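Report on one structure; see the data block that follows.
Because the structure is a prediction, the values reported are computed rather than measured. Labels below follow one simple rule: chain letters A, B, ... track the order of the sequence lines, proteins then strands, and each chain is numbered from 1.
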Amino acid sequence: MEIQTTEKKKGGFFESLQNGPATDEFIKGLWRENPVFVQVLGMCPTLAVTNSAENALAMGLATLFVLIMSNLLVSSLRNFIPKQVRIATYILIIATCVTVADYAIQAYSLDLHKALGAFIALIVVNCLILGRAEAFASKNTVSKSFWDALGMGLGFTFALLCLGVVREIFGTGTLFGFPVLPGSFQSWIIMILPGGGLFTLAIWLLVFNGAKERKAKKARAL
Amino acid sequence: MFRAMVGIGILCALLIVVTYEFTLPIIKKNKTEALEKAVFKVLPGATKKITYKLNDDKSFEEFHQERQKEQLVYAGFDDDGKLVGLAIEASGQGFQDVLNILYGYSPESQTLIGFYVLESKETPGLGDKIEKDKAFLDNFSALDVSLEESLDALKNLVNPVKHGTKKNPWEIDCITGATISSKAIGKIIKESSQYWVPIIYNHKDSFKQ
Amino acid sequence: MLIIISIAALGGLTLLLATMLIVANKKLHVEEDPRIDIVEDMLPHANCGACGFPGCRPFAESLVNGGSLPGKCTVSSEEGRVEIAQFLGVDVGAAEKQVARLACAGGTNVARNRAQYQGLQTCQAASLVSGGGKDCFWGCLGLADCEVVCDFDAITMNGFSIPVVNEDKCTACGDCVEVCPKDLFSIQPESNRLWVACKNLDAGDEILEGCQVGCTACARCEMDAPGNLITMKNNLPVIDYSQNHNTQVPIQRCPTGAIVWLDKKKGVIKGEKSKKIIRKGERRIATT
Amino acid sequence: MSLNKTLNINTSPHIVKGIRTDEIMRNVVWALIPVAAFSVYAFGISALFVIITAVVSSVLTEHLLCRFADKESTISDWSATITGLLFGLTLPPNFPLWMVFSGGVIAIALGKYIFGGLGYNVFNPALVGRAVLQAAFPVAITTWYPAFSADRFTTISSSTFTFPFAQPVYDIVSGATPLSAFKFERISASTMDLAMGLTNGSSGETSAFLILLGGLYLIYRKMMDWHIPVAMLGSVFLLSGLLHLIDAEHYASPLFMLFSGGLMLGAIFMATDMVASPITPLGASVYGAVIGILVVVIRTWGGLPEGVMYAILLGNALSPHIDSLIRPRVYGTARKGGQA
Amino acid sequence: MTLSFSKKNTFKHGIHPPESKDETNKLPIRRFPFAPVMIIPLAQNIGAPSEPIVREGQEVVRGQVIAKASGFVSVPTHAPASGTIRKIGNVPTISGKMAQGIYLDPFPSDTQEVDEGDPINADSASIDEIIAAIQNAGIVGLGGAAFPTHVKLKVPEGKKCDTLLINGVECEPYLTTDHRVMLEQADDIFTGIKYLLKVTGAEKAIIGIEANKLDAAEHLQKHIPAESPNISVAVIPVKYPQGAEKMLITAVLGREVPSGGLPIDVGVVAVNVATTAEIGRLLPHGRGIMERVITITGPGVKKKGNYLIPIGTPLRYVLEQVGVEDNISEVYLGGPMMGVAVSNLDIPIVKGTSGVVVFTENEVKAHKEKIFPCIKCGACVEACPIFLNPSKLGILAKKEGYDQMAGEYNLMDCFECGSCTYVCPSNIPLVQYFRLSKSILRKRA
Amino acid sequence: MNDSLWFIFINASLINNFVLAYFLGICPFLGVSGKLETASRMGGAVTFVMIIASMSAYGIHALLITINAPFLQLISYIVVIASTVQLVEMFIKKISPGLFRALGIFLPLITTNCAILGLALFQTNKGYGFLESFVYALGAGAGFTLALILMAGLREQLDLADIPNVAKGTALTLLIAGILSLSFMGFAGLGG
Ligand SMILES: Cc1cc2nc3c(=O)[nH]c(=O)nc-3n(C[C@H](O)[C@H](O)[C@H](O)COP(=O)(O)O)c2cc1C
Ligand SMILES: Cc1cc2nc3c(=O)[nH]c(=O)nc-3n(C[C@H](O)[C@H](O)[C@H](O)COP(=O)(O)O)c2cc1C
Ligand SMILES: Cc1cc2nc3c(=O)[nH]c(=O)nc-3n(C[C@H](O)[C@H](O)[C@H](O)COP(=O)(O)O)c2cc1C
Ligand SMILES: Cc1cc2nc3c(=O)[nH]c(=O)nc-3n(C[C@H](O)[C@H](O)[C@H](O)CO)c2cc1C
Ligand code: SF4
Ligand code: SF4
Ligand code: SF4
Ligand code: SF4
Ligand code: FES
């Protein structure tokens with residue numbers, strides 16, 4: 001597994017946002033510590049439900065919801081939870097949030113629930129959620145945890161969308177169900193098969209690595 | 001320590017129950033609607049659905065609870081209260097994973113009159129033609145499942161054949177390029193109809209409004 | 001009704017589990033290095049396996065016994081990693097800066113090859129084939145093993161295939177000392193400025209045929225040096241750095257410039273009497 | 001006098017056998033030429049276009065990637081040519097050229113370059129290209145052009161020049177390949193037809209006879225490990241023979257199994273890709289046998305009519321394990337447990 | 001008695017390089033003139049160098065001891081010619097390093113008489129006496145390794161030697177030294193075997209000869225002394241590296257020397273034929289070794305042949321005498337498979353030199369060929385007589401996985417025969433990688 | 001349902017391989033597939049936990065049906081599985097440090113993992129009985145182990161390759177997984 005360099009990358013746009021502590025908690029999840037592209041977490045939903053942009057978005061938002069809920073609960077209860085049963089308690093809290101989300105989606109649309117399949121329930125075990133609860137919410141204030149969850153959740157959603165959009169356009173010629181390519185377009189079925197998910201993510205990572213490498217090369221040349 | 005954990009456990013239970021209670025009616029409604037939609041799809045003309053349960057003595061009785069392990073069929077009636085047919089669930093292995101389907105049987109004409117895929121993981125673009133391919137779906141507008149004289153078995157078993165070679169009313173014309181999935185459908189229907197059709201036909205009078 | 005059932009169920013479940021866990025924690029406890037727990041605490045508990053370990057705890061164990069570095073955890077924040085590093089870290093005592101010094105100056109412009117080496121282009125490989133084909137058996141082969149091995153980019157090969165150490169970048173890690181098959185590097189305090197840039201154990205003017213800047217063991221530096229700062233051993237001058245060696249006198253009469261003064265600013269200073277070398281390759285020094 | 005010359009020095013041995021890697025690769029290309037020529041003869045100019053496009057896209061990709069990485073171009077070692085050629089030969093003759101081109105790029109870029117180029121690819125690059133195409137365009141890759149159609153040298157299949165990224169349109173398509181005919185209708189083609197290449201199928205797979213000839217040539221030149229094809233064909237023959245004996249109705253005859261589909265091409269030219277196969281003869285035999293068994297299993301019980309490609313890819317994935325499990329006993333070490 | 005020959009009597013794997021022996025194997029051994037100056041390194045053997053016991057300017061007689069052994073694993077050095085000691089100092093060696101040695105100016109050759117010592121009788125002398133005599137004669141292995149022979153002959157406590165194996169294989173291409181020795185010095189060889197059988201206590205002696213030297217095999221077979229029925233000749237199929245003692249033991253006796261072990265571990269002592277002949281010639285006269293048979297050959301040599309050359313003759317002088325082509329480019333001591341490339345023609349011929357092969361630019365092109373990545377063709381695996389996996393070892397070496405090479409992949413069992421490099425289509429310098437890796441591992445240890 | 005035990009096994013291990021077709025347990029698959037040694041032990045541990053999880057899930061499901069509280073399914077599955085595994089872990093650590101080194105250290109990583117919970121949920125959805133659940137868990141574990149071991153072998157070999165910089169790390173691993181996933185498609189329809 002790749003070891004990520006820890007130095008903070010200063011991008012022009014993001015830099016301007018990096019003022020207050022809250023915005024920093026928020027921004028880091030979007031890019032610098034992106035859960036998918038950088039931390040390589042929560043890979044199962046990332047790969048499994050991103051065969052359409054809609055599913056990706058729904059999954060992202062569901063995760064975002066659970067992440068915020070659990071981060072809020074954990075950080076507000078953090079002084080109340082004894083250390084020995086910490087993990088068990090967090091799991092309890094997360095499972096509750098997920099169950100809530102699960103029923104909410106079922107109530108909203110059965111079809112969507114069917115498309116996401118077991119992966120809604122599997123948010124419980126998304127390493128990202130427990131990871132944030134442990135690494136962040138259990139040590140930080142409620143407001144900080146909120147921003148952290150929002151940033152991480154949006155970062156996750158963003159990454160899912162990156163995959164979902166590419167896979168849907170290539171795989172079916174549509175975007176959010178609307179045709180974006182001419183009817184004669186030959187869809188690449190692989191993109192909506194399991195293998196396609198792996199390939200797409202691999203290619204995204206290749207692109208990012210390539211960009212990083214080029215930047216590093218430029219920096220060295222200077 | 002106990003207090004903390006049990007307290008949180010109770011808190012969680014509360015949260016879940018509240019959500020459950022709150023969403024239950026909506027979900028129930030959604031589910032019923034979805035099922036009805038499917039039933040009406042395989043029983044063209046039906047507007048009302050009644051669920052029946054198959055008892056061990058091969059008799060049918062109306063059923064209104066949450067389903068557990070019962071064998072159910074759904075009777076569809078038209079506006080005049082006339083029995084259109086029965087929707088039957090069946091499943092079996094497809095190309096990738098298990099296929100769950102619903103098909104409609106009309107005791108009156110002794111044919112299958114509709115077909116709908118409830119759940120499939122077949123390859124998009126290929127296997128999912130079983131849901132979309134018009135020619136294939138047409139197979140099920142009048143698929144012969146008439147019984148022998150003795151009324152205890154089918155005269156001709158449903159039989160999937162290669163695309164373009166359908167000759168008899170009990171054959172299913174498969175899809176080129178998705179032979180495997182369409183054959184699987186044929187096989188599922190063959191096995192299911194073999195079981196259900198004689199039972200239903202012999203009790204067709206149990207289904208009344 | 002539903003509420004009561006579920007609260008009872010879940011309450012009961014949690015109670016049971018809590019009891020089990022707590023009892024088990026007491027009964028089944030196994031003694032371990034307490035630092036593991038602390039470090040594990042500092043880790044994000046994502047148990048994602050990204051570090052290459054099966055989970056946070058094994059990684060923490062490896063951190064504690066020095067098998068890994070905190071940077072391997074991709075999930076932890078920068079601060080978290082620093083925290084762990086500080087918790088485990090041992091301060092390196094401050095001492096005088098040391099640098100790597102090279103005891104050879106025989107670049108392609110002044111030193112001759114007896115035979116043309118072919119094969120793997122590394123010094124270590126070449127040195128196994130008749131010593132590498134360089135006329136001076138002890139001299140630098142110029143195939144840059146040291147440049148490659150230095151993780152800090154402190155070594156660059158100059159235009160005559162002789163490594164040049166950038167003393168600012170050198171961390172005295174000793175990798176170059178280890179890799180050089182001719183043992184030409186040694187780690188020296190930066191203040192050792194009087195330096196013998198040759199390892200040729202032969203004596204006499206014959207060696208000049210192979211390398212114009214070699215030490216001929218003429219012993220002039222030994223004579224000129226104050227006291228017994230320099231003694232000849234094995235046909236080479238040996239400087240006793242424990243004495244006051246802040247003098248450029250010994251280099252002045254060296255006929256080949258094998259003993260030099262390494263000036264922080266001006267670089268290598270050779271004695272006045274050292275003969276001008278006849279450049280063979282007209283290549284420019286390519287560094288910096 | 002010449003004794004004053006500067007001598008060269010280097011390590012022993014100072015003599016080499018002198019068969020070079022690029023020479024081996026070039027000979028594989030020679031061995032494939034008859035196969036390719038026959039496919040053009042059988043399927044006409046469409047097949048020619050497919051093969052040429054496959055080779056060009058592979059070689060071009062290899063060249064450009066080397067450029068991109070600031071390395072010397074490695075196309076002169078001929079391995080990219082083989083990859084392209086074999087890749088083209090595994091495709092239907094009327095396959096749209098834009099798909100062929102994409103596949104060639106994928107074969108080299110994702111099947112080879114990413115792993116470090118020649119010698120490091122853990123999967124057979126040509127088959128990686130084909131596997132991706134098969135998953136991406138399952139319809140196009142199972143739509144067959146009839147062999148020996150009358151106007152094959154004058155007209156090009158309508159699908160060949162499909163506009164890039166558009167769906168192909170087919171005018172003439174044949175029924176089925178021998179394997180799918182057997183799978184779905186239990187119609188078995190004659191062995192002689194299969195061996196001589198008178199049937200439908202992918203461009204290069206039909207003439208088992210010429211493929212065998214190419215293989216024999218390479219084995220004769222000692223440029224190919226015979227263990228793999230022998231083990232692979234042998235295990236297919238034995239297993240399918242056994243099944244055929246048990247139930248001749250359901251299970252195809254072993255000769256049909258041997259000569260139909262991509263087995264011959266796969267066994268002789270693709271499983272033998274030394275880079276992705278085990279290095280010891282015993283390991284190679286085991287690898288061949290495993291692939292053979294997988295082929296029979298997928299063909300007889302699987303959903304797809306043909307499984308050579310999947311079997312070889314799985315074999316590739318197994319080969320590091322075969323290599324680490326099957327190691328010859330090192331001279332002078334204990335007979336048992338000498339190697340873990 | 002007939003020659004025993006079975007095609008199966010050989011080891012597994014190995015290679016068949018072109019033999020290139022035809023140009024010299026019919027040429028009888030000829031004596032070489034003395035060079036104007038002799039250069040005698042004090043370390044010509046594995047083990048400790050000898051210590052000089054002469055002064056500069058001293059006159060010495062041919063065969064006189066000029067440096068004495070400095071321990072058990074050491075042998076004395078004898079004067080190869082009568083003459084004056086010019087200098088004791090640094091002499092160039094094959095390793096490229098200067099080492100201690102003696103420069104000797106020979107007298108004109110008509111005054112070369114030989115110093116005789118105490119003869120040793122094989123029947124009456126004790127084992128220790130014979131061993132001491134072999135050491136005093138300065139004999140080291142002439143098969144190439146130059147290991148002091150007497151050390152090898154001293155069977156360690158608790159071990160038993162049942163077979164004496166005489167190595168007449170000479171599997172190196174080009175070299176015909178042992179071939180000629182077997183044809184011309186049969187009597188010396190059998191005398192030598194008598195001594196060797198006595199010291200090792202072996203019940204039988206077998207002379208192993210490859211099938212490309214049938215004339216030598218028949219010649220020896222014919223001359224086996226009537227009183228020594230326990231000597232036999234085994235003809236084995238031609239294959240490189242059959243001359244390596246481990247391979248020879250497997251080929252002839254079917255035994256396998258354990259990894260890291262010695263032939264004596266399987267009850268065998270293996271000695272080269274030339275070494276044996278030398279023992280048989282010197283011991284009865286109490287002399288020391290002064291010269292040896294060397295094949296001078298290769299496309300770059302004009303007067304190819306097998307020459308009896310005094311030890312210490314500078315290589316430059318040798319090549320001047322035989323004449324070389326204008327486009328020579330590489331000179332090896334030893335054959336092209338195992339021989340060492342010479343960087344400096346001023347080095348002398350030493351006891352371990354069995355041949356000098358000179359290549360011209362035409363032959364060395366192969367080295368300059370492009371290196372491809374390993375394509376895992378397995379040719380090297382099929383060639384390695386030790387059953388290693390050179391391909392994996394090569395890849396590991398490139399990635400500096402030295403510990404894995406030594407541990408999991410038995411690097412230390414590789415005896416650098418070069419078979420793998422010879423067959424590799426990708427031109428990977430495998431043997432060089434292995435030497436390098438071994439030296440790095442040794443440095444680390 | 002016509003699922004024979006044999007078919008359940010083949011289905012869970014090859015046709016619908018948990019990692020390569022269902023995308024469950026990708027995190028450990030990517031993380032712990034670098035070394036063959038670790039990978040095979042991890043595979044063993046996963047199979048073990050899968051069996052525990054499957055059994056517990058079977059029991060809980062029966063219980064929840066009785067008290068008619070299906071909405072507690074998720075939370076009780078995860079909590080029970082997590083704590084059971086933790087108990088087993090502590091137990092192993094106590095009685096056999098050797099076994100703990102070999103298997104136990106993987107347990108925490110595995111508990112909070114999609115494959116385990118996914119298995120429990122799928123088996124419930126499919127309505128498997130006790131024996132069927134057991135075989136399903138066994139098959140899923142075997143499939144997971146197979147994928148992990150194949151991956152580890154390839155990655156170990158590629159450790160020695162000249163991988164271009166852009167591809168080093170996760171990207172390459174994902175790519176191999178993709179090709180493996182394509183290869184496993186060959187098993188589609190087996191037994192159908
Ligand atoms: C990636 C891939 C996915 C496939 N998916 C399906 C599928 O979902 N359903 C199906 O019946 N066949 C599927 N197939 C099988 C082929 O399309 C197969 O050739 C076809 O079913 C045979 O029918 P035919 O003989 O009419 O061409 C798939 C093949 C591939 C390569
Ligand atoms: C007998 C033989 C069969 C080969 N088969 C293939 C093949 O099936 N696919 C392929 O891409 N290359 C094949 N090659 C050529 C190279 O070995 C091939 O390029 C290799 O798969 C990987 O090296 P690469 O990295 O150059 O592709 C074959 C070579 C030989 C000698
Ligand atoms: C690769 C290899 C090839 C060898 N070839 C021969 C040979 O052809 N003839 C020979 O006498 N010794 C050869 N040797 C040396 C023998 O292994 C062994 O050292 C020698 O026969 C012992 O006899 P000596 O000590 O009298 O030289 C070879 C060694 C190696 C490693
Ligand atoms: C070496 C080789 C391997 C092949 N592998 C497959 C395969 O695994 N699956 C497949 O559907 N077709 C494969 N084909 C094409 C295949 O033979 C063709 O699809 C069948 O003939 C269809 O029945 C392959 C062709 C060749 C030459
Ligand atoms: S100093 Fe040593 S390692 Fe560096 S180039 Fe010279 S010989 Fe090589
Ligand atoms: S390798 Fe280490 S000691 Fe040598 S120059 Fe570089 S930093 Fe200095
Ligand atoms: S050099 Fe070593 S590895 Fe190569 S063939 Fe000889 S013994 Fe085997
Ligand atoms: S012979 Fe060369 S190319 Fe072939 S496997 Fe050995 S090292 Fe690799
Ligand atoms: S998200 Fe599935 S294992 Fe991490």
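F:Cys114 and A:Val125 make their closest contact through CA-CG2, 3.5 Å (heavy atoms, listed as atom of the first residue, atom of the second, distance).
Contact annotation for F:Phe71: both backbone and side-chain heavy atoms come within less than 4.5 Å of a heavy atom of chain A. With a 4.5 Å cut-off on non-hydrogen atoms, A:Ile123 does not touch chain F at all. Proximity to chain F is absent for every atom of A:Phe208, based on heavy atoms less than 4.5 angstrom apart. When heavy atoms are compared at a cutoff of 4.5 Å, F:Ala167 approaches chain A by way of both its backbone and its side chain. The parts of F:Ile179 that come within reach of chain A are both its backbone and its side chain, each placing non-hydrogen atoms under 4.5 angstrom from that chain.
Per-residue counts of heavy-atom pairs under 4.5 Å with chain A were compared for F:Ser76, F:Gly178, F:Ser181, F:Gly25; the largest is that of F:Gly178. Taking A:Pro194, A:Ala95, A:Pro45 one by one and counting their heavy-atom pairs under 4.5 Å with chain F, the maximum is reached by A:Pro194. When each of A:Val124, A:Ile94, A:Val98, A:Thr46 is checked for heavy-atom pairs under 4.5 Å with chain F, A:Val124 comes out on top. Ranking F:Leu121, F:Leu182, F:Asn165 against chain A, the residue ahead of the rest is F:Asn165, based on heavy-atom pairs under 4.5 Å. Between chain A and the options F:Leu20, F:Ile116, F:Val19, F:Val166, heavy-atom pairs under 4.5 Å are most frequent for F:Val166. The greatest number of non-hydrogen atom pairs below 4.5 Å with chain F, out of A:Val207, A:Leu206, A:Ile91, is found for A:Leu206. Of the listed residues A:Gly197, A:Gly196, A:Gly42, A:Cys44, the one with more heavy-atom pairs under 4.5 angstrom with chain F than any other is A:Cys44. Put simply, of A:Ala121, A:Ala211, A:Gly210, the one with the most heavy-atom pairs under 4.5 Å next to chain F is A:Ala121. Contact count versus chain A (heavy atoms, under 4.5 Å) is highest, among F:Phe122, F:Phe23, F:Phe29, for F:Phe23.
For the residue pair A:Thr50 and A:Arg167, a side-chain donor N or O sits within less than 3.5 Å of a side-chain acceptor on the partner. Using a 3.5 Å distance cut-off with no hydrogens or angles, the side chains of F:Tyr128 and F:Ser54 do not pair a donor with an acceptor.
Taking the charged nitrogens against the carboxylate oxygens, F:Lys35 and F:Asp159 do have a contact shorter than 4.0 Å, which makes a salt bridge. Ion pair F:Glu37/F:Arg41 flagged as a salt bridge, since at least one NZ, NE, NH1 or NH2 atom sits closer than 4.0 Å to an Asp/Glu carboxylate oxygen.
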Please walk me through it: do F:Arg155 and F:Ser33 pass side chain to side chain donor-acceptor pair (under 3.5 Å)? CA-CA 7 Å; F:Arg155 280 182 67 182; F:Ser33 57; 2.7 Å; yes
Stepwise, does the side chain to side chain contact (heavy atoms under 4.5 Å, CB included) test hold for F:Leu117 with F:Tyr77? CA-CA 8 Å; F:Leu117 186 61; F:Tyr77 275 15; 4.0 Å; yes
Between A:Met191 and A:Asn51, is a side chain to side chain contact (heavy atoms under 4.5 Å, CB included) present by the stated rule, with each step listed? CA-CA 7 Å; A:Met191 294 307 257; A:Asn51 50 12; over 6 Å; no
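F:Phe9 and F:Trp6 have parallel rings, their planes meeting at less than 30° on a 0 to 90° scale where 60° marks the start of perpendicular.
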